[in-house]
Amino acid sequence: MSETAPHVRIRAIGPEHLAQRVQVRGWLRNKPGGKGRYFLWLRDGSGEIQAIVEEAKVSPEQWQLVDEIGIESSIVVDGIVRAHPKNEDEYELEFQRIRVIQSVSDYPIGKKEHGTEFLMKNRHLWLRGKRQSAILRIRSEIHKAWADFFHDRGFFRVDTPIFTPNACEGTTTLFEVEYHGDTVYLSQSGQLYNEADIGALGQVYCFGPTFRAEKSKTRRHLLEFWMLEMEAAYYDMHDNIRFQEEMIAFTVGRILERCMPDLHDIWSAVRSDDKRSFEDWVARLRPSLATPYPRMRYGETIELINGERERYLQEYQEQFPKATIAFEDGSLRAMKKLTWDELREAWLACTIKEFQASGKAAAASDDDDDDSGAEKSAALPAARPFRWGEDYGAPDETLIGAQFDRPVFVSNFPIEIKGFYFKDELDDSGERVIDPVFAALPEGLKEEGMSGYTVMGSDLIGSEGAGEMIGGSQREDDTERLFEKVRHHQLPEDEFQWYLDCRRFGNVPHSGFGIGLERFTAWVCGGTDTPVHIREVITFPRMLHQYRP
RNA sequence: UCCGGCGUAGCUCAAUGGCAGAGCAAACGGCUGUUAACCGUUAGGUUACUGGUUCGAGUCCAGUCGCCGGAGCCA
């Protein structure tokens with residue numbers, strides 16, 4: 001009885017272990033049962049298995065140990081692998097022996113639901129949860145998949161600096177760090193360094209933490225997140241897009257191949273009365289295995305967005321017939337009198353910035369046909385047409401993504417809304433292209449300051465409201481144009497000399513992109529009805545005013 | 001920074017301006033192929049904080065703090 005059984009990780013237990021004595025080293029997830037019999041749910045970080053302990057079959061000393069341990073006690077259990085009598089393709093352990101490393105009786109996280117605040121204060125323990133640990137295993141697999149994908153295609157990993165002397169795009173707010181008397185910033189992108197690195201290595205990627213000091217508090221934002229950025233010499237925008245969709249398809253394939261138990265753990269934690277079967281739930285990922293993904297030009301999305309806004313407005317009016325809409329100038333109009341055309345007319349009379357329509361709906365007090373008595377209200381969605389030259393808001397990206405069952409590329413944005421390094425879109429004769437949708441607009445609908453010129457950039461928008469997952473572009477390789485753009489964006493030229501230097505010596509066309517690991521992982525792990533919050537996708541999230549533990 | 005919501009037992013949540021409640025967790029007992037097991041008993045409170053209105057405030061008002069969601073911006 002003193003011989004030690006071979007240690008196995010739970011996930012590795014298979015048919016070859018049947019009737020074999022093995023050792024599991026881990027923690028106690030739960031302990032249903034009681035007098036005479038316990039079911040020890042064991043977890044070791046790779047998976048879960050239950051060991052059945054029967055009082056009649058073990059020594060009194062062993063039974064006492066089992067009887068006393070509480071949830072999250074650390075234990076080593078020897079047992080004989082048996083087929084689960086009820087669940088097909090599952091195994092269980094016939095208990096042989098337990099060694100208690102630490103007995104725990106007051107684990108703070110219970111078996112029922114908890115609130116966000118409590119869970120976040122206990123993030124160091126929440127990580128152990130079934131859903132949380134499954135998500136982290138998938139994140140790890142994505143790391144591996146991406147490394148394989150890039151190395152298989154002849155890319156080298158470089159590591160770009162985290163302390164940087166200036167902003168990459170100037171617009172975003174950065175974290176300042178005192179650097180022995182100087183001020184430097186935490187990196188928000190390794191792109192400019194990657195562009196230099198391709199001069200040495202041709203095709204590179206970097207992968208590290210990225211910092212954004214924006215005061216965003218949404219389910220898509222972290223202040224510290226992990227971003228992979230790729231850069232390749234002699235890639236144009238279309239090479240870039242093809243590379244991206246192949247990478248996403250490859251990664252999804254890897255997850256479906258290797259992470260089914262983890263996806264199942266995530267699915268099983270969904271508590272809903274009418275939840276889909278596991279197969280149906282996983283099926284949402286399968287379309288993304290097939291390339292190419294749909295592509296749209298920015299200009300082509302405007303009609304789509306406006307059609308959706310009009311539909312939303314109509315729904316809003318039907319749901320809240322007595323709602324009012326307020327313009328910034330203070331005038332009030334009855335909502336039911338405002339047609340889409342009237343809204344468009346009002347909008348045309350002012351600029352985008354001036355037009356700040358907002359609606360507030362509330363059930364009338366004299367109208368008490370609703371016995372609940374609860375006051376219904378809803379904020380008005382964006383109640384104006386989207387005009388060429390505007391940047392997308394989060395709801396716009398959501399609705400574009402919702403049109404497709406797989407990620408979609410949106411490309412060729414107005415030059416005015418993108419960074420300095422985007423290459424101009426040129427026609428065959430080398431002239432800048434005016435976007436056809438812009439060109440077809442009547443004069444009154446062309447926003448002031450918009451040229452109609454576009455750039456060779458693309459975003460990849462996830463289906464099911466995941467939002468932007470990838471931002472990429474062909475980089476400006478016309479040295480003169482690049483100098484102009486640096487000046488036009490009022491960037492500190494001194495700090496950019498080294499970057500511009502790379503254009504002077506062996507300048508080549510090149511492209512690249514960045515993908516946020518957490519947003520991608522959240523998209524893989526969650527669906528429309530089962531969203532994964534970005535704070536669940538990294539061990540210790542850093543969010544606005546929240547950096548503990 | 002702005003807009004909206006929330007803050008009651010260790011946890012999740014109830015409570016017309018009128019005695020502070022339930023489930024889970026904990027302790028004790030019962031039951032047993034359990035799937036967030038189940039049943040019984042016990043214990044558990046400065047209703048976030050400060051001030052105000054009121055005969056009376058968890059509830060209404062003002063402020064402060066904390067949390068959540070969203071907007072802008074972005075991956």
Side-chain angles (χ1 to χ4, degrees), chain A residues 29-41 48 50-55 70-71 82 84-87 90 92 94 105-122 126 129-131 168-174 188-189 191 209-229 268-269 271 353 356 358 360 373 377-382 390-398 417-419 459-462 466-472 513-523 531 533-535 537 543-546:
Chain A
R29 162 87 70 207
N30 196 5
K31 193 181 78 171
K35 182 153 283 184
R37 181 184 288 121
Y38 276 119
F39 302 88
L40 303 180
W41 296 6
E48 278 187 40
Q50 68 171 359
I52 291 83
V53 193
E54 295 191 64
E55 187 171 12
I71 288 172
R82 306 285 187 204
H84 195 293
K86 287 183 178 175
N87 304 352
E90 276 186 33
E92 63 178 26
E94 183 185 323
S105 63
D106 50 359
Y107 188 65
I109 297 185
K111 290 181 264 185
K112 296 238 171 167
E113 286 175 10
H114 293 283
T116 306
E117 186 175 1
F118 176 79
L119 289 172
M120 285 305 290
K121 279 183 176 161
N122 290 282
W126 185 29
K130 194 171 188 174
R131 169 181 161 99
C168 171
E169 298 186 42
T171 54
T172 340
T173 35
L174 299 166
Q188 62 165 356
S189 168
Q191 179 194 321
T210 302
F211 305 89
R212 301 281 166 88
E214 293 139 6
K215 298 193 171 176
S216 298
K217 267 180 89 93
T218 81
R219 84 167 71 88
R220 298 178 304 278
H221 287 89
L222 293 169
L223 271 61
E224 175 188 298
F225 64 97
W226 284 69
M227 182 163 67
L228 182 150
E229 291 175 280
S268 67
R271 304 210 166 270
K353 281 175 189 161
Q356 285 292 337
S358 66
K360 189 149 192 169
S377 71
L380 182 67
E390 272 185 86
D391 215 342
Y392 299 131
D396 302 318
E397 284 181 344
T398 298
I417 62 173
K418 288 295 177 182
D459 286 348
L460 183 68
I461 296 173
E468 183 182 345
M469 294 197 295
I470 296 182
F513 66 87
I515 180 166
L517 174 60
E518 286 78 15
R519 283 205 185 159
F520 179 76
T521 307
W523 173 73
H533 195 290
I534 202 154
R535 70 175 150 243
V537 160
M543 299 180 301
L544 193 59
H545 306 138
Q546 204 273 294

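Just so it is clear: chains get the letters A, B, ... in the order the sequence lines come, proteins before strands, and each one is counted from 1.
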Flag side-chain contact, heavy atom, 4.5 Å: A:His533 against A:Thr116: no
Among B:A25, B:C74, B:U34, which nucleotide sits nearest the side chain of A:Glu214? B:C74
Salt bridge check, A:Glu54 against A:Arg37: does any charged N sit closer than 4.0 Å to a carboxylate O? yes
How would you label the contact of A:Gly115 with the nucleic acid (heavy atoms, under 4.0 Å): base, sugar-phosphate, or nothing? sugar-phosphate
To the nearest angstrom, how far is A:Lys215 atom NZ from B:G69 atom P? 18 Å
Donor-acceptor pair under 3.5 Å, A:Arg519 side chain vs B:C74 base: yes
Contact check, side chains of A:Phe225 and A:Arg519, non-hydrogen atoms, under 4.5 Å: no
Measure from CG on A:Leu460 to C1' on B:A75 and round the result to the nearest Å. 11 Å
For B:C38 and B:U1, measure between their P atoms and round to the nearest Å. 45 Å
Closer than 4.0 Å, any side-chain N/O of A:Lys217 to the OP1 or OP2 of B:C68? yes
Whole angstrom value for the distance that separates C1' of B:C24 from OH of A:Tyr107: 16 Å
What integer distance in Å separates A:His221:NE2 from B:G69:P? 12 Å
Which value, in whole Å, describes the distance between the P atoms of nucleotides B:G10 and B:C49? 13 Å
At less than 4.0 Å, is any side-chain N or O atom of A:Arg220 found next to OP1 or OP2 of B:G72? Yes or no. no
Side-chain contact test, heavy atoms from C-beta onward, threshold under 4.5 Å: evaluate it for A:Arg220 versus A:Glu468 and give yes or no. no
B:C74, B:A75, B:G33: which one has an atom nearest the side-chain heavy atoms of A:Ile534? B:A75
Hey, does A:Gln546 have a side-chain heavy atom less than 4.5 Å from the side chain of A:Lys121? no
Residue A:Trp41, side-chain atoms from C-beta onward, closest of B:A75, B:C68, B:U34: B:U34
Determine the Euclidean distance between corresponding C1' atoms of B:U34 and B:A75; express it in Å to zero decimal places. 45 Å
Using the C1' atom in both, what is the distance from B:U8 to B:A57, to the nearest Å? 14 Å
Once hydrogens and angles are ignored, does a donor-acceptor distance under 3.5 Å link the base of B:U35 to the side chain of A:Gln50? no
For A:Glu94 and A:Ile52, indicate whether the former's side chain and the latter's backbone hold a donor-acceptor pair under 3.5 Å. no
Any N or O donor-acceptor pair linking the side chain of A:Glu113 to the base of B:G23 at under 3.5 Å? no
Using the P atom on both, measure B:U16 against B:G7 and round to a whole Å. 13 Å
At under 4.0 Å, does any side-chain N or O of A:Arg212 touch on OP1 or OP2 of B:C73? no
With heavy atoms under 4.0 Å as the rule, sort A:Glu229 into base, sugar-phosphate or nothing. nothing
Verify stack between A:Phe39 ring and B:G33 base, 5.5 Å, 30 degrees: no
B:C11 base to A:His114 side chain: any donor-acceptor pair below 3.5 Å? no
Measuring only between side-chain heavy atoms, which start at C-beta, is A:Lys130 closer than 4.5 Å to A:Arg29? yes
Applying a 4.0 Å non-hydrogen cut-off, can you work out what A:Pro395 is touching in the nucleic acid: base, sugar-phosphate, or nothing? sugar-phosphate
Would you kindly give the CD-to-P distance between A:Glu90 and B:G33, to the nearest whole Å? 19 Å
State, to 0.1 Å, how close A:Thr210 and A:Ser189 come at their nearest heavy-atom pair, and which atoms those are. CG2-N, 4.4 Å
Using Watson-Crick and G-U wobble pairs whose two distances are both under 3.5 Å, how do you write the pairing of RNA chain B as dot-bracket, with | for links to another strand? (((((((..((((....[..)))).(((((.......))))).....(((((..]....))))))))))))....
Determine whether any donor atom in the side chain of A:Ser216 lies under 3.5 Å from an acceptor atom in the base of B:C73, or the reverse, and answer yes or no. yes
More than 12 heavy atoms of other residues, nucleotides or ligands under 6.0 Å from NZ of A:Lys31: is that the case? yes
Rounded distance in Å between the P positions of B:C39 and B:G5: 38 Å
Counting heavy atoms from C-beta on, name the nucleotide in B:C74, B:U35, B:G70 closest to the side chain of A:Thr218. B:G70
Please compare A:Ser105 and A:Phe118 by the position of their nearest nucleotide in RNA chain B and report the one closer to 5'. A:Phe118
If the condition is side chain to side chain donor-acceptor pair (under 3.5 Å), which residues does A:Lys217 pass it with, not counting sequence neighbours? none
Base, sugar-phosphate or nothing for A:Asp106? Non-hydrogen atoms, less than 4.0 Å. nothing
Would you find more than 12 non-hydrogen atoms of other residues, nucleotides or ligands less than 6.0 Å from A:Glu113 atom CD? no
Determine the interatomic distance between P on B:A9 and the same-named atom on B:A36; round to the nearest Å. 27 Å
Between B:G69 and A:His533, is there an OP1 or OP2 to side-chain N/O distance shorter than 4.0 Å? yes
Using atom NZ of A:Lys121 as one end and atom P of B:U12 as the other, report the distance to the nearest whole Å. 10 Å
Say you pick atom P in B:G45 and the same atom in B:C31; how far apart are they, in whole Å? 32 Å
Could you check whether A:Arg82 gets within reach of a base, just the sugar-phosphate, or nothing at all, counting any heavy atom under 4.0 Å? nothing
Whole Å only: how far is the CD atom of A:Glu117 from the P atom of B:C6? 15 Å
Mind calculating the distance between CD1 (A:Ile470) and C1' (B:C74) to the nearest angstrom? 15 Å
Tell me what A:Leu517 touches on the nucleic acid: a base, only sugar-phosphate, or nothing, going by heavy atoms under 4.0 Å. nothing
Between A:Glu54 and A:Leu544, whichever has its closest RNA chain B nucleotide further toward 5' is A:Leu544
